[in-house]
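A quick write-up on the structure given underneath.
The residues of the chain are indexed from 1 along the displayed sequence.
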Amino acid sequence: MNKRILLGVALMAASLGANAQKTMSPPSGGKAISDELIGIFFEDISSAADGGLYAELVQNGSFEFNPTERDGWGPGTAWRLIRPGHSLGFMQPLSDKPIHPNNPTFMRLNIERVGHYYDFSGWTGFGLQNDGFNGISVKAGEDYCFSAFMRNVDETAKTVRVALVQPQGWGKDPKLLADAEIKVSAAQWTKYDAQLSVGETVTNAVLQILVLDKGALDIDMVSLMPGTTFKGHGMRADLAQALADLHPKFMRFPGGCVVHGGGDGFWNTYRWKTTVGPKEQRRGLKNTWGYHQSMGLGYFEYFQFCEDLGMEPVPILPCGVSCQGTNGGWGMKDQAQDWVPMDQMDEWVDDALDLIEWANGDVNTRWGRVRAEAGHPEPFNLKYLGLGNEERISPEFIERFKFIYKRVREKHPEIVIVGTAGPGSHPENPDFQNGWKLAEELEMPILDEHYYEPRDFFLNNRQYDNYPRDRKTKVYLGEYAAKDKKLIDALAEGLYLLHVERNGDVVCMTSYAPLFARKDNTNWNPDLIYFDNERAYLTCSYYVQQMFGLSSGDYFYGDCVNIDGATNLQGQSVILNTKTRQLFVKLCNASAEAKKADIDLSRFKSLKGNATKTVIAGNAEDENNYEQQPIKPQSSTVKVKKKMTVDMPPYSIQMYQINL
C-alpha cells in the first residue's frame, strides 16, 4: 500500500475517531426518545405556494385559471390588455396545438396596428400586463429572470419587449424599472429568456409584455422569478430561511385535504406524477381551498427542498377514497364519501410503488430516470410514506387502505408507512377508534393524529401519559394548534410539547399546522407564519416551535427539575443530544405568578460552565402581527452549575443550551 493511501486511511480513521468521541453515553435515569419530534407540515392553503414559498411573481402564467376554480375566473384572470401608443388588436385564449396536453390553454395576441403615439419614453406595442400577487415587489440591485414559451403564427418575426414598470396613476406615464427585447421567429413552441436588472426598490411593480410588430403570436408559461432564491432552487429566500431556522427534522406534504381533492371529487385528487416533469408539462389543478395550483412547486421541488434543509421527506398519497366533505358532506349528518371500485385500485397502488421508485430507484429504472432527467441522478432516500389523510375510517376506506398497505409492504418492507386516525383524533370519535384498531391489526409503524383545539385543551390535557407503552404503532401528531395566536396560546402549545417530549417513546413526530398564510388570502387562522410580498411575520407559536426544534435530542430526563408549587400551568424537560453532546433544559410558566425551579444536573459529569439562555416572555395577550412584533426570543450567555435555582417569570418559556 503506497504512502498516499496510508495517509488517506489514517485521516479517515482520525475523522471517524473524532466523530466517535462526540457521541456520548447517556447517564442513567434517562429515557430514549425520538430525535425527529419537531418537523413541519406544508399544505398549499392560504396561497402558501404560488406567490408564497414558491417564488414565482406572475399569477396565472399558464392561462389555466377557469370558472371551475372560482366564479368569474378564466384564462385572462390576473392579466389585462394594454396597447400604449393607441395600438390595436385583441387577445384570444386557445387550445389548438398546446405545448402539452396537461397545459392546454395559451393566449394568442393578434396585433392589427402598432401605434406611434408614445405614452412615455418611446413606449408602444400591443400586449399584456400582469400585476402578480397583489403587486410585484422588486429590489434595487437585484436581477429578475423572465421566461415564456412563444410561437410565431405568421411569417413575420416579432420583436417582443418585456418590462418591469411602476404605475404612476391614471393619466400619468409609468416609470420604467427594467426592460429587454426578445426576437421571436420560431413557428413552434420555443422557450425564451431575458434578464431584467432593477435599479430601485418598488413594491407595486407590474410586468408588461408588448409585441412591436403586426401579426399574431402565441404565448404561454410566462414566468418571472427572482434571480436569488433559496439555494438556487426556486423557493422564496426569506420564507425558506424562516423554515430552516425552525430546524425541522422532516416535512410532510402536499397536504392536508389537498391530498384527496377536498370536496371536489376524484378528478381533483392530487396526483404526484403530473408534478415532477418539466414545468410546461405539469397539470395545474384546482386547489381544495378555492384557487389554482400551478404545480411549479411539485414533488421534485418538495423533495429537493427537504434535501436542502436536511429534512426527511414525508409525502402523503391518497388511498382511492374521497374526503368526507365531498358534495357538501361536512354539513350532512352522515358524511358523504366516495371510493374507487376495487377492480381499479391497481392504479393507486402503482402510484405508491412508482413514487418509491422515483425517489429511491437508480437511473436505470423507469421512474428513477424521470428523477435523473429533472436534475437529480442520486436517489432522494425516501424513508417515510403516508397513506391517506383524515378520511373517515369507513369499511370502504379500510378495504382500500389494506390493499395498498399490503402491496407496498410486500415490495418495500424498508419503507415506514404512516397511516391516518381520521378527521378528529379524540378517544370518543368512532373514526379515531377505528383508525387505531386498524393500526394495531396491521402493526402499522406510525399513525397520524390531528386536532385543533382551544388553548385550554393544551393547558390541561396530557393524554400521551396514558398511551400503552407496548404498542408497536407510534404517534405522529401531524396537525395541531391552539385556536388563537397570542402568547398564552403559544405557551399552551409549549407545555403540550414538553409533555410530548416526556412521551417521546410513544410520539415520534409532530408538526404544527397550518404553516403559511398570505396576508390578503388567508383561508385559515391561526397559522405559524404570515407573509406579504415584502416580509414574513413570525408568530409567538413560531418562536416556541423554533425553541423545540433547536433542542432536539435522543434522551429525556424527567427528574432533574423541581418547580416549586407546580400546577398544570408549569412544565419542564431536560433533553440530551448524545450526538452533539448538548443538554437542553426547558422551563415553561403559563401563569401570572412567578415561580422558581430547582435544577440538579449532577449526573452529567462534563458540564461546561457557560450556556446559552433563551427566553420568550411577555403579556399573556401579546400577539405578533403586521403592525407590531412584541414577542421575540432574547438570548444571553450565562454561567450554569450542576445545582442551581432559577426564576420562571410569568408567561414565559426559557431554555438553557449547555455543552457537555
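- The nearest pair of heavy atoms linking G290 to R70 is O-NH2, 2.8 Å.
- More than 12 heavy atoms of other residues, nucleotides or ligands sit less than 6.0 Å from atom CG of D465.
- Checked against the 6.0 Å centroid threshold, F253 and F42 do not count as a close aromatic pair.
- H376 and Q304 share no donor-acceptor pair across their side chains, judged by distance under 3.5 Å alone.
- Between K249 and D35, none of the side-chain N atoms (NZ, or NE/NH1/NH2) sits under 4.0 Å from a carboxylate O, so this pair counts as no salt bridge.
- When only modelled atom types and interatomic distance are considered, N523 and R518 share no side-chain donor-acceptor pair under 3.5 Å.
- Aromatic ring pairs are classed by plane angle as parallel below 30°, tilted from 30° to 60° and perpendicular above 60°; the pair F300 and W358 is perpendicular.
- Once rounded to the nearest 0.5 Å, the distance linking CZ of R471 with CG of L447 reads 8.5 Å.
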(Q) Applying side-chain contact (heavy atoms from CB on, under 4.5 Å) to R462 and L495, what does each step give before you reach the verdict? (A) CA-CA 9 Å; R462 301 294 178 260; L495 284 170; 3.7 Å; yes
Q | Worked check of salt bridge (charged side-chain N to carboxylate O under 4.0 Å, His left out) between K579 and D554 | A | CA-CA 9 Å; K579 297 176 184 177; D554 48 348; 6.0 Å; no
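- Side-chain N or O atoms of E69 include one that pairs as donor or acceptor with a backbone N or O of N66 at under 3.5 Å.
- Here the options are R502, E449, H499, the test is side chain to side chain donor-acceptor pair (under 3.5 Å), and the partner is Y464; only E449 passes.
- Between F457 and Y451, the distance separating the two ring centers is shorter than 6.0 angstrom.
- Side-chain contact check for N625 and Y530: no donor-acceptor pair (N or O, by modelled atom type) lies under 3.5 Å.
- No side-chain donor from either of E440 and T473 sits under 3.5 Å from a side-chain acceptor of the other.
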Q) Step by step, would you call E301 with R282 a salt bridge (charged side-chain N to carboxylate O under 4.0 Å, His left out)? A) CA-CA 13 Å; E301 289 75 22; R282 299 182 184 183; 2.9 Å; yes
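- Taking CD1 of I653 as the start and NZ of K586 as the end, the distance is 7.5 Å to the nearest 0.5 Å.
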(Q) Let's go through L438 and K402 carefully: what are the C-alpha distance in whole Å and the side-chain angles of both, what is the deciding distance for side-chain contact (heavy atoms from CB on, under 4.5 Å) to 0.1 Å, and is it a yes or a no? (A) CA-CA 9 Å; L438 177 62; K402 286 182 175 180; 3.6 Å; yes
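- The minimum heavy-atom distance between Y54 and G234, with the atom names listed, is CD1-O, 3.6 Å.
- The two atoms that bring L587 and Q572 nearest to each other are CD2-CB, 3.8 Å, heavy atoms only.
- Rounding to the nearest 0.5 Å gives a distance of 7.0 Å between SG of C540 and CD of E623.
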Q: Would you sort out whether K231 and E307 count as a salt bridge (charged side-chain N to carboxylate O under 4.0 Å, His left out), showing the intermediate values?
A: CA-CA 11 Å; K231 298 196 175 184; E307 187 174 75; over 6 Å; no
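- Formation of a donor-acceptor pair under 3.5 Å by the N589 side chain with backbone atoms of S652 is not found in this model.
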**Q.** Residues S511, Y476; criterion side-chain contact (heavy atoms from CB on, under 4.5 Å); working and verdict
**A.** CA-CA 8 Å; S511 50; Y476 168 29; 2.7 Å; yes
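- No side-chain donor-acceptor contact under 3.5 Å links D622 to the backbone of P630.
- The pair R535-D238 does not count as a salt bridge, with every side-chain nitrogen at least 4.0 angstrom from each carboxylate oxygen.
- When every heavy atom of G284 is checked against every heavy atom of M295, the shortest pair comes out as CA-CG, 4.4 Å.
- In terms of heavy-atom proximity, P313 sits nearest to L382 at O-CD1, 3.7 Å.
- Side-chain atoms of W339 and E391 include no donor-acceptor pair closer than 3.5 Å.
- Checked by atom type and distance alone, the side chain of R409 never pairs as donor or acceptor with a backbone atom of R407 at under 3.5 Å.
- Taking the six-membered ring where the residue is Trp, Y270 and Y299 present tilted rings, their angle falling between 30° and 60°.
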Sequence neighbours left out, cut at 3.5 Å: what donor-acceptor pairs do the side chains of residues 410-418 make with other protein atoms?
unit_1, atom_1, unit_2, atom_2, d
H412, ND1, E414, OE2, 2.9

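- The two residues Y542 and A242 come nearest to each other via the heavy atoms OH-O, 2.6 Å.
- Remark: L297 CG to D50 CG distance equals 7.5 Å, nearest 0.5 Å.
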Q: Could you go through the side-chain contact (heavy atoms from CB on, under 4.5 Å) check for V500 and F548 one step at a time?
A: CA-CA 11 Å; V500 166; F548 280 83; over 6 Å; no
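- Every residue two or more places apart in sequence or in another chain was checked for a side-chain contact (heavy atoms from CB on, under 4.5 Å) with Q433, and none qualifies.
- Y496 and E453 form no side-chain donor-acceptor contact under 3.5 Å, judged by distance and modelled atom types alone.
- A donor and an acceptor atom, one from each side chain of E479 and Y452, are located under 3.5 Å apart.
- To the nearest 0.5 Å, atom CD of residue Q293 and atom OG1 of residue T288 are 7.0 Å apart.
- Residues F303 and W272 place their aromatic rings such that the two centres sit no closer than 6.0 Å.
- Salt bridge present: E36 and K383 bring a charged side-chain N and a carboxylate O closer than 4.0 Å.
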(Q) The test is side chain to side chain donor-acceptor pair (under 3.5 Å); show your working for D44 and Y291 and say whether it passes. (A) CA-CA 10 Å; D44 188 359; Y291 54 91; 2.7 Å; yes
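- A salt bridge does not link R392 to D431: none of the charged nitrogens lies less than 4.0 Å from a carboxylate oxygen.
- When atom types are taken as modelled, the side chain of N521 and the backbone of S47 share no donor-acceptor pair closer than 3.5 angstrom.
- A salt bridge (Lys or Arg N to Asp or Glu O under 4.0 Å) check over residues 538-548, counting only residues at least two apart or in different chains, returns nothing.
- Aromatic ring pairs are classed by plane angle as parallel below 30°, tilted from 30° to 60° and perpendicular above 60°; the pair Y480 and F458 is tilted.
- Within the cation-pi definition used here (under 6.0 Å to the ring centroid, within 45° of the axis), R252 does not qualify as a partner of F250.
- In this structure, the side chain of T522 does not engage the main chain of W524 through any donor-acceptor pair within 3.5 Å.
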